[in-house]
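Okay, so here's the structure we're looking at.
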Amino acid sequence: MTDTQEYIWLDGELVESEKATLPFMTSALHYGLGVFEGIRCYETPRGPAIFRLAEHMERLIDSARILGFRDLPYTAEQLGEACKAVVRANRLSSCYIRPLIFFDSRVKNLNLDQGWARVGIAAWYWGAYLGEEALEKGARMNISSYTRHHPNVMMTKAKITGNYANSVLAKTESVRLGFDEAIMLDPQGYVAECTGENLFIVRNGVIYTPGTWAVLEGITRDALITVARDLGYSVVETQLSRDHLYIADECFVSGTAAEVVPVTEIDFRTIGSGRRGPVTHALQKAFHAVVHGEDPRYAHWLTYVND
Ligand code: PPE
């Protein structure tokens with residue numbers, strides 16, 4: 001395995017990463033006008049496999065539509081093939097893939113119709129997002145002093161680069177306070193999501209998670225809901241309040257980068273036993289088997305890079 005990033009796919013070609021540079025006047029840089037994806041590729045007995053590539057490409061195109069791009073230079077299928085090519089070119093056996101569609105107009109311009117969309121895709125090795133230790137011991141989180149986006153202020157179903165200023169405010173504050181990650185409430189004061197993960201709690205054996213009205217429709221979230229139901233758990237999408245979190249038996253978060261991480265402390269309150277709970281552990285194990293191609297029921301979620 002290598003963690004190098006030798007090649008970036010930029011506007012249809014694989015270029016050496018140090019040559020994949022952009023002009024300072026690229027509008028996306030000034031106004032946060034891009035849409036992106038985060039995708040993981042895992043080692044399997046059949047070689048590297050990208051997890052839910054089609055769903056990530058669909059969300060990427062949806063994000064572009066939500067932001068307002070009218071003409072995209074590539075289709076979802078072409079971008080999916082490009083993701084595979086980037087993994088192969090960098091000889092990565094497991095990695096994180098980052099496609100980005102960004103706005104270029106070379107002028108100071110807030111009108112998407114006066115410029116064009118460009119696309120880049122990078123891939124690199126990315127270890128445990130909230131730290132290796134958190135996967136077992138659990139993460140410590142706080143309720144952020146920043147509110148998550150109102151769905152008519154920023155578009156919460158889209159991974160728009162500019163949306164992430166909100167996440168950066170919350171994450172930086174949280175880490176400076178000594179926590180691992182921030183939990184954000186929606187404008188009504190109900191639990192929304194973390195800065196880069198969806199959130200779940202377990203209470204009396206039932207799994208609860210906020211509905212997607214004000215959060216990103218996480219692909220890991222969707223996978224976990226499916227896998228949990230197949231394991232016989234009931235999963236309920238509902239409004240959760242801050243104190244629901246405090247009295248949960250278990251809490252965990254999910255995301256492509258983070259995968260499945262227990263949360264054992266929130267706002268200096270111990271959650272459940274203060275250790276990774278049995279439901280969280282069962283889902284971590286099931287997820288691990290799914291992404292590494294060890295569970296044939298979910299074989300359709302894997303795209304083999306070398307096929
Ligand atoms: N909410 C937010 C705000 C979010 O950014 C992510 C992914 C999720 C939920 C989970 O979605 P999914 O990956 O489809 O299960 N966060 C990405 C970016 C992380 C980063 O720091 O960059 C990711 O995990 O790839």
Side-chain angles (χ1 to χ4, degrees), residues 5 32 34-42 50-63 66 83 94-100 102 120-131 134-135 139 141 144 146-151 153-172 174-175 180-186 191-200 209-228 235 237 240 251-261 263 283-284 287-288 290-291 298 301:
Q5 190 188 309
V35 295
F36 69 100
E37 269 306 316
I39 315 168
R40 272 197 190 268
C41 174
Y42 291 92
I50 303 177
F51 185 59
R52 306 197 72 178
L53 178 63
E55 290 86 342
H56 280 285
M57 290 301 103
E58 189 182 331
R59 191 172 64 184
L60 180 66
I61 302 292
D62 284 349
S63 290
I66 291 172
C83 289
S94 72
C95 62
Y96 184 86
I97 308 167
R98 168 56 55 81
L100 171 70
F102 58 99
I121 307 174
W124 66 88
Y125 175 74
W126 201 357
Y129 185 68
L130 293 176
L135 290 169
M141 302 199 179
S144 183
Y146 295 98
T147 300
R148 198 64 180 149
H149 303 297
H150 183 287
V153 174
M154 295 297 260
M155 303 292 107
T156 61
K157 305 293 169 289
K159 280 181 82 80
I160 296 172
T161 55
N163 284 4
Y164 280 78
N166 179 253
S167 287
V168 170
L169 288 169
K171 178 82 181 196
T172 305
S174 181
V175 173
D180 300 310
E181 171 63 305
I183 298 168
M184 306 193 69
L185 306 181
D186 68 21
V191 176
E193 60 186 335
C194 295
T195 67
E197 304 94 349
N198 292 114
L199 182 141
F200 295 81
T209 190
T212 56
W213 34 88
V215 303
L216 187 73
E217 295 182 323
I219 291 169
T220 319
R221 174 188 183 278
D222 176 76
L224 288 180
I225 291 174
T226 305
V227 169
V235 184
E237 296 185 58
L240 293 175
C251 178
F252 59 92
V253 295
S254 73
T256 297
E259 302 175 297
V260 186
V261 180
V263 182
L283 289 177
Q284 275 183 323
F287 184 74
H288 187 274
V290 168
V291 298
Y298 309 100
W301 282 348

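Whatever order the structure lists ligands and atoms in, that order sets their numbers, starting from 1. Just so it is clear, the structure is predicted and the values come from calculations on it, not from any experiment.
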Discussion item. Between Glu237 and Arg221 (salt bridge meaning N to carboxylate O under 4.0 Å), is one present in this structure?
Written reply: yes
Worksheet item: If you measure from CG on Leu53 to CH2 on Trp301, what distance do you get to the nearest 0.5 Å?
Response: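 Between Leu53 CG and Trp301 CH2, I get 14.5 Å after rounding to 0.5 Å.
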Worksheet item: Just by distance, with hydrogens left out, do Arg148 and Ser167 show a side-chain donor and acceptor under 3.5 Å apart?
Response: yes
Show the distances, to 0.1 Å, for all pairs joining an N/O atom of ligand 1 and a protein N/O atom that are shorter than 3.5 Å, listing one pair per line.
from, atom 1, to, atom 2, distance (Å)
ligand 1, 1 (N), Glu193, OE1, 2.6
ligand 1, 5 (O), Lys159, NZ, 3.4
ligand 1, 5 (O), Tyr164, OH, 2.5
ligand 1, 13 (O), Thr256, N, 2.9
ligand 1, 13 (O), Thr256, OG1, 2.6
ligand 1, 14 (O), Arg59, NH1, 2.8
ligand 1, 14 (O), Arg59, NH2, 3.0
ligand 1, 14 (O), Ile219, N, 2.7
ligand 1, 15 (O), Ile219, N, 3.3
ligand 1, 15 (O), Thr220, N, 2.9
ligand 1, 15 (O), Thr220, OG1, 2.6
ligand 1, 16 (N), Lys159, NZ, 3.4
ligand 1, 16 (N), Gly196, O, 3.2
ligand 1, 21 (O), Tyr129, OH, 2.7
ligand 1, 22 (O), Arg98, NH2, 3.1
ligand 1, 24 (O), Thr256, N, 3.4
ligand 1, 24 (O), Ala257, N, 2.9
ligand 1, 25 (O), Tyr96, OH, 2.4

Please list every donor-acceptor pair under 3.5 Å in which a side-chain atom of residues 252-261 meets a protein atom from a residue at least two apart or in another chain.
from, atom 1, to, atom 2, distance (Å)
Thr256, OG1, Gly38, O, 3.4
Glu259, OE2, Tyr42, OH, 2.5

Worksheet entry | Working for salt bridge (Lys or Arg N to Asp or Glu O under 4.0 Å), residues Glu37 and Arg98 | CA-CA 6 Å; Glu37 269 306 316; Arg98 168 56 55 81; over 6 Å; no
Discussion item. Checking the side chain of Asn163 only, and the main-chain atoms of Ala158 only, is there a donor and an acceptor separated by less than 3.5 Å?
Written reply: yes
